[in-house]
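Just below is one structure, and these are the notes that go with it.
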Amino acid sequence: MTSQPHASAVPPAPPPRGCPAHAGAVPLMGPRFHTELEAVYRDMRQAHGSVVPVELPGDVPAWLVIGYREMYQVTSDPVLFPRDAGLWNQWDTLPEDWPLRPMVGSRQPSVYFTVGDEHRRHLAMVQGALERVDHTELRRHAEELADRLIDGFCGTGEAEVISAYAKPLPVLVLARVLGFPDSDGPELISTLGAMADGGPDAIHGYEQAIGLMYRLVERKRQRPGADVLSYMMAFPDTFTDEEYVLDLMALTAAGYLPMADWIGNSMRLMLTDDRFAASLTGGRHSIAEAMNEVLWEDTPTQILAGRWAARDTRLGGQRIAAGDMLLLGLGGANADPSAHAADPADGLRNSNFAHFAFSHGEFQCPFPAQEMAEIVCRTGIEVLLDRLPGIDLAVPPQTLGRRPSPFLRGLSVLPVHFTPVHAQGGR
């Protein structure tokens, strides 16, 4: 990223190709992303419009798309804006230990990083495997594991929902469905969390997670079962172990923390917003409404990397150079005032599912995965409310902090208190 120009009679040199040609690019880090997110997007929109020049850690330039119309345009045009990290014009400038390397990725033979026919080949395998998951069995797994987790704290009358419940539940359910043993759950939680937060442990976390995936592929080759990885390996096409591992990583990383944050953000909304009080007394319709409201207003995946311009173009009034990275500001696009024109008087989205929470277009989250996520998260919330009578927030709402990541929006903690009840003992 170019520095601020010096006061001089000589005009500054033009910025290097691939660097947004703006002084005052917005650093994509800082406490405001956690405490004043609505104001952050409003300020971005006022200063730069619907496509914002931003700086990633290490002064790495990118564009953040926060316009609803522009998001639709980018995600609907995989030719002009492919998901091909190999096009990025910044690779030569990045240090090997750049913490966001695992999240951005590079050209890899996986469903997430391939394009064209190869992407469709991977997608057919992955989507076919996900479609074989029995939703009744999935709900049973979610209920059983939710009860097991709640048994660990229900007698105390208090709990921290994020660490004790919202984080472990999705990863334990994913472990079973994908083929992992329950014993791998804690390591998956720590490694995937380190990757998502983009901190100094991100690369080490990625390497640990990849090791778990390779071990699982070897186990399933010897003893396949009724699980997603076994279904993938039975697909009538030839894939390498690396391809299975990378596809498994894509499913696990894309599912775990967003589901945890969907549960946590929905519980926060229901515990702090009077519109959803009915949910806490057994109403189920309000749970669905709260979950959909979160996907619009507090979506777990705020920013997704990314797309890369295949050629010089213009978007939202900005000049985009070939090879520039475009970050998908899913939360910002949902917050675009143009997407709120038809909101009902009470502000609830109800059956309006035209959000970008699962992205859009050829590379959106596969529909079977969206269905599975909704089942796991809704079941988790239902069981929690059923099991813990009188549940209420244990701290003032304004003290609730967010995890330090602009990419995934989730609570650091969600302390609650409730009437103590007996454990069910795995009924």
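Residue numbers count from 1 along this sequence.
Taking CE of M267 as the start and SG of C377 as the end, the distance is 12.5 Å to the nearest 0.5 Å. Here the straight-line distance linking atom CE of M71 with atom CG of N334 works out to 8.0 Å at 0.5 Å rounding. To the nearest 0.5 Å, atoms CD1 (I162) and OG (S412) are separated by 8.5 Å. The line from CD1 of I375 to CE of M372 is 8.0 Å long, rounded to the nearest 0.5 Å. To the nearest 0.5 Å, atoms CD1 (I66) and CE (M44) are separated by 6.5 Å. Here CD of E289 is found 12.0 Å from OG of S266. Values are rounded to the nearest 0.5 Å.
Note: H355 and F358 have tilted aromatic rings, judged against thresholds of 30 and 60 degrees for the angle between ring planes. Taking the six-membered ring where the residue is Trp, F239 and H122 present perpendicular rings, their angle passing 60° and hence far from 30°.
Between the side chain of Q208 and the main chain of G205, no donor-acceptor pair closer than 3.5 Å is present. One N or O on the side chain of W262 and one on the backbone of M291 form a donor-acceptor pair closer than 3.5 Å. Under a 3.5 Å cut-off, the side chain of E55 and the backbone N or O of V60 do not form any donor-acceptor pair. Counting only distance, with no hydrogens or angles, the side chain of T191 and the backbone of L188 share a donor-acceptor pair below 3.5 Å. Side chain of T301 to main chain of L408: no donor-acceptor pair is present (N/O by atom type, distance under 3.5 Å, no hydrogens or angles). A donor-acceptor distance shorter than 3.5 angstrom exists from the side chain of Q318 to the backbone of V51, with no hydrogens or angles considered. The backbone N or O of R69 sits nowhere less than 3.5 Å from a side-chain atom of D336 that would complete a donor-acceptor pair. With hydrogens and angles ignored, the 3.5 Å screen pairs no side-chain donor or acceptor of E36 with any backbone N or O of A39. Between the D151 side chain and the A423 main chain, no donor and acceptor come within less than 3.5 Å of each other. At least one donor-acceptor pair under 3.5 Å links the side chain of R45 to the backbone N or O of G332.
Using a cut-off of 4.0 Å between Lys/Arg side-chain N and Asp/Glu carboxylate O, D182 and R176 are scored as salt-bridged. For the pair D298 and R402, the salt-bridge criterion is met [side-chain N within less than 4.0 Å of a carboxylate O]. Ion pairing between a basic and an acidic side chain is recognised when a charged N comes within 4.0 Å of a carboxylate O; D184 and R219 show such pairing.
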Working for ring pair (Phe, Tyr, Trp, His ring centres under 6.0 Å), residues F356 and Y68 | CA-CA 9 Å; F356 286 107; Y68 192 92; 4.8 Å; yes
F33 vs L28, side-chain contact (heavy atoms from CB on, under 4.5 Å): CA-CA, chis, key distance, verdict = CA-CA 8 Å; F33 280 94; L28 209 58; 3.6 Å; yes
Test side-chain contact (heavy atoms from CB on, under 4.5 Å) on I210 and M249 and set out the steps.
-> CA-CA 7 Å; I210 286 291; M249 170 63 80; 3.8 Å; yes
Pair L384-I263, side-chain contact (heavy atoms from CB on, under 4.5 Å): steps then yes or no | CA-CA 10 Å; L384 190 70; I263 294 173; 5.9 Å; no
Going through the checks in order, is the side-chain contact (heavy atoms from CB on, under 4.5 Å) test met by M259 and L169?
-> CA-CA 9 Å; M259 281 199 288; L169 178 61; over 6 Å; no
Going through the checks in order, is the salt bridge (charged side-chain N to carboxylate O under 4.0 Å, His left out) test met by R139 and E143?
-> CA-CA 6 Å; R139 187 177 297 277; E143 290 176 345; 5.3 Å; no
Would you please test D117 and R120 for salt bridge (charged side-chain N to carboxylate O under 4.0 Å, His left out) and show each step?
-> CA-CA 5 Å; D117 289 342; R120 287 185 282 274; 2.8 Å; yes
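Contact check for L251 versus M232: side-chain heavy atoms found under the 4.5 Å cut-off. Considering only heavy atoms from C-beta on, H422 stays 4.5 Å or farther from C154 through its side chain. In this structure, the side chains of P366 and L123 come closer than 4.5 Å at one or more pairs of heavy atoms. Inter-residue side-chain proximity for H360 and L330 is flagged as unmet; no heavy-atom pair is nearer than 4.5 Å. Inter-residue side-chain proximity for Q90 and M325 is flagged as unmet; no heavy-atom pair is nearer than 4.5 Å. At least one side-chain heavy atom of D43 sits under 4.5 Å from a side-chain heavy atom of R32. By the 4.5 Å heavy-atom criterion applied to side chains, L414 and L393 are counted as neighbours. Contact check for L385 versus I287: side-chain heavy atoms found under the 4.5 Å cut-off.
Heavy-atom minimum distance, T75 versus S359: CG2-OG, 4.1 Å. Shown here for G316 and S50, the closest heavy-atom pair between the two residues is CA-OG, 3.7 Å. Residues I303 and P406 approach most closely at CD1-O, 3.5 Å, considering heavy atoms. G264 and A166 get closest at one heavy-atom pair: N-CB, 4.2 Å. Across all non-hydrogen atoms, the minimal contact from A309 to L326 is N-CD1, 3.9 Å. Annotation for L271 and I391: closest pair CD2-O, 3.9 Å, computed over non-hydrogen atoms.
Atom CD of E38 sits in a sparse spot, with 12 or fewer heavy atoms from other residues, nucleotides or ligands closer than 6.0 Å.
Residues Q370 and E374 bring no donor and acceptor atom of their side chains to less than 3.5 Å of each other.
The cationic atom of R132 (NZ for Lys, CZ for Arg) lies less than 6.0 Å from the six-membered ring centre of Y231 and within 45° of the ring axis. Under the 6.0 Å distance and 45° angle rule, R121 does not count as a cation-pi partner of F235.
Among V171, L248, L172, the single residue meeting the side chain to side chain contact (heavy atoms under 4.5 Å, CB included) criterion with F180 is L248.
Listed by chain and number, the residues in a salt bridge (charged side-chain N to carboxylate O under 4.0 Å, His left out) with R215 amount to none (sequence neighbours excluded).
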